[in-house]
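Below: one structure, written as structure tokens.
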Amino acid sequence: MSALALHDLCVSFGDGDEQIAALDHVSLTVDGGELVAVVGASGSGKSSLLAVAGALRSPDSGTVMIGDVDITNATPSDRATVRRTKVGFVFQSSNLFEALTAIDQLIYMGRLAGMSSRDARAEAARLLDVVGLAQKANRRPGKLSGGERQRVGTARALISGPAVLLVDEPTSALDHSRALDVVTLLRDLTHDRGIATVMVTHDLSVVELADRVVTMRDGRLGEIADFTRVGD
Amino acid sequence: MFLARRELRFAWGRFALMGSVIALVAVLTVMLSGLATGLVDDGISGLRALPVTHLAFQAHTDSTFSRSTIDVATVEQLNDTAGVSAEPLGLSLFNARSSTDVTVDLALFGLQPGGFVATDVLHGSLPDAASNGVIITQGLADSGVHVGDQLSFDRSNTVLTVTGIVPKSTYGHVDVAYTALAVWQVATYNALDATTATTLVSSAAIVADGSVDIGALATAADLDIVSKTTAFNGSPGYSAETSTMTLIRGFLYVIAAMILGAFFTVWTIQRRAEIGLQKALGASTRSVLFDALGQVLVVLVAATAVGVAVGLALGALISGGTVPFSLQSGPVAAASVTLIVSGVVGMLVGVRRITSVDPIIALGGAR
Ligand SMILES: Nc1ncnc2c1ncn2[C@@H]1O[C@H](COP(=O)(O)OP(=O)(O)O)[C@@H](O)[C@H]1O
Ligand SMILES: [Mg+2]
């Protein structure tokens with residue numbers, strides 16, 4: 001059984017009189033411990049894919065399974081439960097709370113996922129150490145660099161012990177060497193923890209770190225083996 | 001409250017700004033409450049002090065002492081009813097000049113010697129009719145009238161000697177004085193002939209037990225019989241003053257609600273991204289809402305407490321001066337609670353839009 005199984009998903013939006021298919025019969029399965037990169041131009045449907053896979057929205061048709069749980073038509077409150085327990089999100093531009101220190105970002109998420117405050121604090125400290133930010137645990141986002149913020153965001157996504165990690169353009173605000181650092185970290189965590197990770201990006205320079213690369217164009221998915229030709 | 005508490009600390013400047021607006025409204029509320037209570041006291045404290053349940057007036061006189069005239073015989077009939085004690089009560093406003101040339105306005109009560117009103121209000125110190133004595137309240141003493149002074153009343157040839165001073169009491173914003181009923185009758189009705197006795201009086205003081213049918217009693221005696229608090233309305237200016245105060249306070253609460261509503265609408269709009277993020281991470285709409293409300297309630301209660309404290313301090317400076325001002329815990333507490341309730345109503349309006357924030361906005365790309 002795959003950790004994440006998307007089958008025949010369709011999502012479309014009204015655009016004036018026309019319907020735009022953001023996802024057009026998309027199927028994708030990701031196993032635990034696998035990092036899948038999704039590359040495609042802006043507007044190709046990458047964020048829509050993450051939204052459906054991460055229970056932020058329901059698809060118009062198709063099925064979404066996380067492990068053996070079918071979340072396709074879950075109610076909004078059930079989807080919220082899935083998001084806080086089974087899914088980790090790493091957002092574009094990190095999306096941290098400006099009022100919280102690095103460690104509190106993680107504790108907040110741990111508490112949401114149902115951990116006791118003591119467990120959340122201990123696990124948060126451990127994870128900040130894993131991402132190399134133990135020294136900066138008490139800094140707020142305003143006092144962290146872009147790469148550091150992205151690593152805090154990654155650690156936050158992991159504290160609930162998610163089966164699925166969804167990563168949206170993690171490197172868009174980073175220079176090349178920092179981008180490589182962040183994606184390497186993501187890959188290692190994915191492998192070490194057996195998480196099914198989907199990383200959306202249009203940064204081809206980091207794609208080679210993925211276990212598998214799929215392309216997206218006009219809401220349709222294409223699998224390629226040779227990522228060096230993605231840009232063609 | 002994990003995030004909410006930390007936001008309070010982090011963005012304290014913004015919360016302090018809103019808090020100080022609320023605190024100012026609270027100060028205003030306390031001052032108005034003191035002024036309202038003070039005005040009411042100034043208007044009717046003399047009436048409120050009467051040990052009566054009801055007052056009887058001539059029919060169709062709007063329960064107003066100055067318009068009502070009834071016969072003492074009618075009062076005796078009332079007194080004969082089972083469960084009712086009644087005695088004549090005179091009240092009229094005068095201008096008087098003292099033997100030391102101090103001019104004062106006063107509300108002169110005429111009390112039945114040995115009656116239950118005189119016993120309760122003056123503890124038996126009412127001078128008898130033959131001595132032409134009058135007991136004044138502290139306000140008149142403060143104006144320069146002393147025990148032993150003679151008071152000459154306008155529009156009558158009455159001259160009374162001050163025999164005692166009792167604590168402050170007022171009626172229609174005028175200081176009260178007490179005299180024997182017969183003396184009051186001469187001063188009030190026999191303006192030219194200060195000797196002839198009369199059987200008229202302005203009203204009856206009544207103590208009725210719960211079983212008495214007041215309506216039937218009034219009809220039988222052809223009188224208006226009203227409760228003591230209803231009689232306040234017949235006091236000069238009373239209803240106009242209280243309704244003005246109520247109007248101003250009402251507006252203040254509406255303004256407080258609107259300020260908070262506007263503030264939290266803007267605050268919620270500003271925080272849309274963070275609210276979306278909370279929801280995207282799996283926080284339920286309910287918990288996000290409760291957090292926000294808890295946050296606001298902290299600010300609201302703290303600011304109200306500060307405002308009330310400042311208001312009480314300012315009030316202490318004002319009271320005792322010439323402005324009728326009186327702070328009492330009941331009205332002040334009621335005003336604070338009403339302010340907080342208005343604030344909560346306002347913030348509910350503002351914070352309501354939290355429910356409509358779609359967690360999908362956390363994925364910047366998807367609109
Ligand atoms: N909420 C929406 N309303 C209307 N159209 C949308 C909405 N979200 C996405 N779209 C459209 O769906 C398509 C895919 O968008 P998206 O999933 O954001 O792609 P990507 O993340 O690859 O840029 C685009 O054409 C976009 O304009
Ligand atoms: Mg996108």
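Keep in mind that what you see is a predicted model, and the values were worked out from it rather than measured.
Between the NZ atom of Lys46(A) and the CG atom of Leu363(B) there is a distance of 12.0 Å, given to the nearest 0.5 Å.
Enclosure of atom CG in Asp218(A) is not indicated, since only 12 or fewer non-hydrogen atoms of other residues, nucleotides or ligands lie within 6.0 angstrom. Crowding of His202(A) atom NE2: a count of heavy atoms from other residues, nucleotides or ligands under 6.0 Å not exceeding 12. Residue-environment remark: CE (Met1(B)) exceeds the threshold of 12 foreign heavy atoms within 6.0 Å. Counting non-hydrogen atoms of other residues, nucleotides and ligands closer than 6.0 Å to CZ of Arg6(B) gives a total above 12.
Residues of residues 265-293 of chain B lying under 4.5 angstrom from chain A, judged on non-hydrogen atoms, are Glu274(B), Leu277(B), Gln278(B), Lys279(B), Ala280(B), Leu281(B), Gly282(B), Ala283(B), Ser284(B) by number. Contacts with chain B (heavy atom to heavy atom, under 4.5 Å) involve these residues of residues 96-105 of chain A, listed by number: Leu96(A), Phe97(A), Glu98(A), Ala99(A), Leu100(A), Asp104(A).
For a residue to count as touching a neighbouring chain, one of its non-hydrogen atoms must lie under 4.5 Å from one of that chain's; by this rule Tyr108(A) touches chain B with backbone and side chain alike.
Note on Arg79(A), Glu169(A), Arg140(A), Arg57(A): by heavy-atom pairs under 4.5 Å with chain B, the leading option is Arg140(A).
Side-chain contact between Arg83(A) and Pro359(B) is present, with at least one heavy-atom pair separated by less than 4.5 Å.
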